[in-house]
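Just so we're on the same page: letters track the sequence lines, and every chain starts at 1.
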2 protein chains.
Amino acid sequence: MGYAFWVDETAGAIADPVRREILVMLRSGPMSAGEIAGRFAISRPAVSRHLRVLRESGLVRAELAGRRRLYTLDPGPFAELAGWLAQFARPSGWEHRLDALETEVHRTRRERRRPGGAADGGKESTA
Amino acid sequence: MGYAFWVDETAGAIADPVRREILVMLRSGPMSAGEIAGRFAISRPAVSRHLRVLRESGLVRAELAGRRRLYTLDPGPFAELAGWLAQFARPSGWEHRLDALETEVHRTRRERRRPGGAADGGKESTA
DNA sequence: AGAAAGCGTAACCCAACGGTTACGCATTAC
DNA sequence: GTAATGCGTAACCGTTGGGTTACGCTTTCT
């Protein structure tokens with residue numbers, strides 16, 4: 001058990017400036033794909049693929065609204081990654097402050113598995 | 001001001017399984033380069049370069065000890081990234097819990113700038 | 001001094017990634 | 001029904017990234 005491959009997914013998704021900017025945009029509410037793409041200088045298909053990465057990593061959820069596609073933030077993975085990071089950054093007695101976060105982590109873990117449902121693998125445990 | 005490009009550095013560094021495993025190793029105390037490399041199946045130069053990335057991202061500090069090189073964790077960047085993530089994962093009134101973290105962030109920000117000292121740029125603000 | 005140990009760097013190769021244009025499919029508008 | 005809009009995918013291309021082997025420099029051992 002412990003933290004596993006989804007940290008990779010999440011960290012990988014966040015490790016791109018465009019994708020991070022998209023996430024920041026979505027903080028102020030759901031947006032359509034075109035609306036998002038409109039705010040970037042790069043081509044729309046490029047943004048579309050960034051959105052795909054964000055979807056597959058679970059950071060974002062897409063909801064079909066007519067011929068448009070509304071994107072919304074999913075806080076789960078953020079909390080998971082933050083939880084993983086907390087192992088390293090504990091200025092002074094941090095761990096007990098992360099209880100609520102842990103709860104969030106376990107609550108959303110199962111729901112977030114990608115359709116295909118690749119197995120966990122078990123490697124990269126925290127201990 | 002606000003979060004900026006060092007999120008990129010940190011996230012990029014963390015977005016690799018080998019590097020994350022190195023970080024986990026170092027949680028239990030400082031280790032030499034060879035000692036770290038010895039625990040991986042990949043070649044030692046490969047590990048050496050991963051260590052370089054970790055060094056440049058500030059997640060790790062190297063201290064020369066004779067002909068060996070001791071690596072130690074630096075909690076600063078972890079806290080920074082966690083702080084950035086906190087904007088998104090706020091199950092319920094999280095922000096005030098991150099004050100101590102914010103302090104840590106500002107305390108270590110300046111010390112961590114890479115020797116070359118590339119300018120901040122100002123983009124990718126949190127607002 | 002000479003040999004060995006410990007690390008990092010350089011040069012090289014292939015896979016992955018992010019960008020582009022062309023295209024296809026569904027949904028709304030006329 | 002036909003045109004236009006919205007969005008995703010496919011095919012392609014240059015760049016980046018992580019792996020390898022070969023090499024060089026410094027520090028310890030004998």
Q | Pairwise side-chain contact, B:Thr72 with B:Leu26, heavy-atom cut-off 4.5 Å (strictly under) | A | no
Q. In whole Å, what is the span from the CG atom of B:Leu64 to the P atom of D:dT27?
A. 8 Å
Q | Nucleotide D:dG17, atom P - distance to CD of B:Glu9 in whole Å | A | 11 Å
Q) Just by modelled atom types, is the A:Trp6 backbone N or O under 3.5 Å from a matching donor or acceptor in the A:Thr10 side chain? A) yes
Q. Under the salt bridge (Lys or Arg N to Asp or Glu O under 4.0 Å) test, which residues partner B:Arg52, sequence neighbours left out?
A. B:Glu56
Q.
In whole Å, I'd like the distance from the CD atom of B:Glu56 to the C1' atom of C:dG8.
A. 13 Å
Q | Of A:Ala15 and B:Arg52, the one whose closest DNA chain C nucleotide lies more 5' | A | B:Arg52
Q: Looking only at non-hydrogen atoms, find the nearest pair between A:Pro77 and A:Leu59 and report the distance.
A: CB-CD2, 3.6 Å
**Q.** d(CZ, A:Arg68; C1', C:dA29) in whole Å
**A.** 15 Å
Q.
Quick one: does any side-chain atom of A:Arg19 pair with a main-chain N or O of A:Ala13 as donor and acceptor, under 3.5 Å?
A. yes
Atom pairs, protein N/O to nucleotides 28-30 of chain D N/O, distance under 3.5 Å:
none

Q) Which heavy-atom pair separates B:Leu70 from B:Ser32 by the least distance, and what is that distance? A) CD1-N, 3.8 Å
(Q) I need the CZ-C1' distance between B:Arg69 and D:dC25, as an integer number of Å. (A) 10 Å
Q) Would you say B:Ser57's side chain and B:Val53's backbone share a donor-acceptor pair under 3.5 angstrom? A) yes
Q | Atom-to-atom span, CG of B:Asp16 to C1' of C:dC17 - whole angstrom | A | 14 Å
(Q) OP1 or OP2 of C:dG6 versus the side-chain N and O atoms of B:Ser32: is any pair under 4.0 Å? (A) no
Q. Side-chain contact, heavy-atom cut-off 4.5 Å: B:Tyr71 with B:Arg55?
A. yes
Q. Starting at OH of B:Tyr71 and ending at C1' of C:dG6, how long is that distance when rounded to a whole Å?
A. 11 Å
Q.
Which residues in residues 36-50 of chain B have a heavy atom closer than 4.0 Å to any atom of DNA chain C?
A. B:Arg44, B:Pro45, B:Ser48
Q. Does any N or O in the side chain of A:Arg20 come within less than 3.5 Å of the main-chain N or O of A:Ile14, such that one atom is a donor and the other an acceptor?
A. yes
Q: Write down the distance between CZ (B:Arg55) and C1' (C:dG8), rounded to a whole number of angstrom.
A: 8 Å
